[in-house]
Amino acid sequence: MLLTDTHLHTSFSSDSEASMESMVKEGIRLGMKTLCFTEHFDYDYPDNPEHLDFVPDFDAYFSTLSGLKEKYSSEIELLCGIELGVQPHIGSALSDFYTKLGNRFDFIINSTHIVDRMDPYDRIYFSRFTPHMGLTRYFETILVNLQTFSEFQSAGHLDYVSRYIPQPRPEFHYKDYQDILDEILRLLIENGKALEINTAGLKAGLSWPNPHMEILKRYRSLGGELITIGSDAHRPEHMAFAFDRLPEILSEAGFSYYTLYREQKPYFISLES
């Protein structure tokens, strides 16, 4: 099993109730070497029945993580990250945020959660779009979002939308979205950005992590080398979910190592280490 999980949420994210210390303790129990917490920050998240705003208390986040780093320094490495929910109209706000707090983070994920003021997690998304149209619109939005905010290290869960396609879920075929996906992957590669493998797709019942194996293989064939790994866990029991499958997945896609970011600089870890 790979021993680095760099996509984790705690109660500092609106959709988690897990204490940060409970996640640290579980990471130690699992034998993990490094954890990176990536709390949600979704500026201008649409109104929703649960009243989730996805804006963490940054002072409390930094303070709590600092205390846990010191407390568990001999047992596990803890890194500070953020998952930014990017939307096309919030580039200026995110730039201001990065100017103010960007140097506090080891790792920044650029993720797309909202498309046309809808989260694909909510049923309304696929009541308005067919599966093909919903995926296409999601990928189109990702391309814009990667250009809207460029101060990130990895593009998160590239086909997140696929977790929420209603059953019977059609098979995914890269060629059906090749033009837009190739634009996304080339943009990442040309700008030295990583692509995340997120195992929450497997937890959601897909036969693939996010993104699909065909996307991973295409990223590699185009020259992509930077891969980050994360479980997207919001509870301790989901940490490192299906990480035992990642060496085979990465190898099949053409990778012999993955990437860990410290102070926003890449470090390469062999699959055999």
Side-chain angles (χ1 to χ4, degrees), residues 2-9 13 34-42 77-87 91 94 97-98 101-113 138-139 141-163 181 183-201 208-213 215-220 222-233 239-241 243 246 249-250 253-269 271:
L2 304 188
L3 301 179
T4 299
D5 194 338
T6 59
H7 192 146
L8 297 168
H9 298 280
S13 294
T34 303
L35 303 178
C36 184
F37 293 98
T38 51
E39 307 299 353
H40 284 296
F41 179 36
D42 284 59
E77 178 184 28
L78 302 178
L79 300 176
C80 182
I82 193 78
E83 181 183 15
L84 297 180
V86 182
Q87 299 182 64
L94 291 179
F97 165 79
Y98 185 80
L101 294 177
N103 64 358
R104 302 291 299 270
F105 300 107
D106 290 290
F107 181 50
I108 299 173
I109 302 173
N110 181 320
S111 289
T112 295
H113 298 128
Y138 184 78
F139 294 142
T141 304
I142 285 178
L143 182 60
V144 175
N145 287 345
L146 295 177
Q147 298 166 320
T148 294
F149 181 77
S150 61
E151 299 294 341
F152 67 94
Q153 284 69 60
S154 190
H157 48 53
L158 204 68
D159 54 2
Y160 160 87
V161 63
S162 62
R163 300 179 194 172
L181 284 171
E183 282 194 72
I184 290 169
L185 297 179
R186 288 193 172 101
L187 180 67
L188 293 176
I189 293 165
E190 290 168 2
N191 289 280
K193 306 299 185 182
L195 180 65
E196 180 193 46
I197 293 183
N198 185 307
T199 60
W208 65 88
N210 299 120
H212 193 279
M213 178 63 77
I215 296 177
L216 294 174
K217 288 181 176 180
R218 181 60 171 166
Y219 174 72
R220 185 72 191 96
L222 290 171
E225 297 182 318
L226 302 173
I227 287 286
T228 63
I229 60 173
S231 65
D232 209 345
M239 294 173 65
F241 185 88
F243 272 30
L246 287 180
I249 289 170
L250 283 163
F255 296 93
S256 59
Y257 55 83
Y258 63 98
T259 309
L260 171 68
Y261 285 86
R262 299 183 181 98
E263 296 181 345
Q264 301 180 35
K265 297 180 177 64
Y267 295 82
F268 303 103
I269 302 175
L271 295 181

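Side-chain atoms of S154 and E196 include no donor-acceptor pair closer than 3.5 Å. In this structure, a donor-acceptor pair under 3.5 Å is absent between the side chains of E83 and T38.
We find the CG-CD1 distance between L2 and I229 to be 4.5 Å, quoted to the nearest 0.5 Å. One distance of note links NE2 of H7 with CD1 of I197; it measures 14.0 Å at 0.5 Å rounding. Distance check: T259 OG1 to Y267 OH gives 12.5 Å after rounding to the nearest 0.5 Å. In this structure, the separation between CG on L246 and CZ on F255 is 12.0 Å, given to the nearest 0.5 Å. Here the CG-OG distance, from L8 to S231, works out to 5.0 Å after rounding to the nearest 0.5 Å. With rounding to the nearest 0.5 Å, the separation of CD1 in I142 from NE2 in H157 is 8.5 Å.
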Requested in this report: Please test L226 against F268 for side chain to side chain contact (heavy atoms under 4.5 Å, CB included), starting from the C-alpha separation and ending with a verdict.
Outcome: CA-CA 9 Å; L226 302 173; F268 303 103; 3.4 Å; yes
Query raised in the report: Where do L84 and F152 land on the side chain to side chain contact (heavy atoms under 4.5 Å, CB included) test, with the steps shown first?
Result: CA-CA 9 Å; L84 297 180; F152 67 94; over 6 Å; no
**Report entry** Full working for side chain to side chain contact (heavy atoms under 4.5 Å, CB included) between I215 and W208
**Finding:** CA-CA 11 Å; I215 296 177; W208 65 88; over 6 Å; no
Query - Worked verdict on L181 versus Y219 for side chain to side chain contact (heavy atoms under 4.5 Å, CB included) - result: CA-CA 9 Å; L181 284 171; Y219 174 72; over 6 Å; no
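When the ring-ring contact (aromatic ring centres under 6.0 Å, His included) test is applied to F41, the partners found at least two apart in sequence or on another chain are F58, F97.
Closest heavy-atom contact between H40 and S13: N-OG, 2.9 Å. Across every non-hydrogen atom of D232 and A200, the tightest pair is CB-CB, 3.8 Å. Shortest non-hydrogen contact noted between L195 and P211 is CD2-CG, 4.1 Å. Closest approach of L158 and F139 over heavy atoms only: O-CE2, 3.4 Å. The shortest heavy-atom contact between T148 and G91 is CG2-CA, 3.4 Å. Closest of all the heavy-atom pairs between E77 and L260 is OE1-CD2, 4.3 Å.
Put simply, the side chain of Y261 never gets that close to the backbone of T228: no donor and acceptor are under 3.5 Å apart. Not one N or O on the side chain of N145 forms a donor-acceptor pair closer than 3.5 Å with the backbone of N110. Remark: the backbone N or O of A155 is not paired with any side-chain donor or acceptor of K193 at under 3.5 angstrom.
The aromatic rings of H113 and Y160 stand perpendicular to each other, their planes meeting at an angle above 60°, with 30° marking the opposite boundary.
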Which donor-acceptor pairs under 3.5 Å do the side chains of residues 101-108 make with protein atoms, sequence neighbours left out?
from: D106; atom 1: OD1; to: E263; atom 2: N; distance (Å): 2.7
from: D106; atom 1: OD2; to: C80; atom 2: N; distance (Å): 3.0

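In this structure, I249 and P209 have side chains that are in contact, with non-hydrogen atoms separated by less than 4.5 Å.
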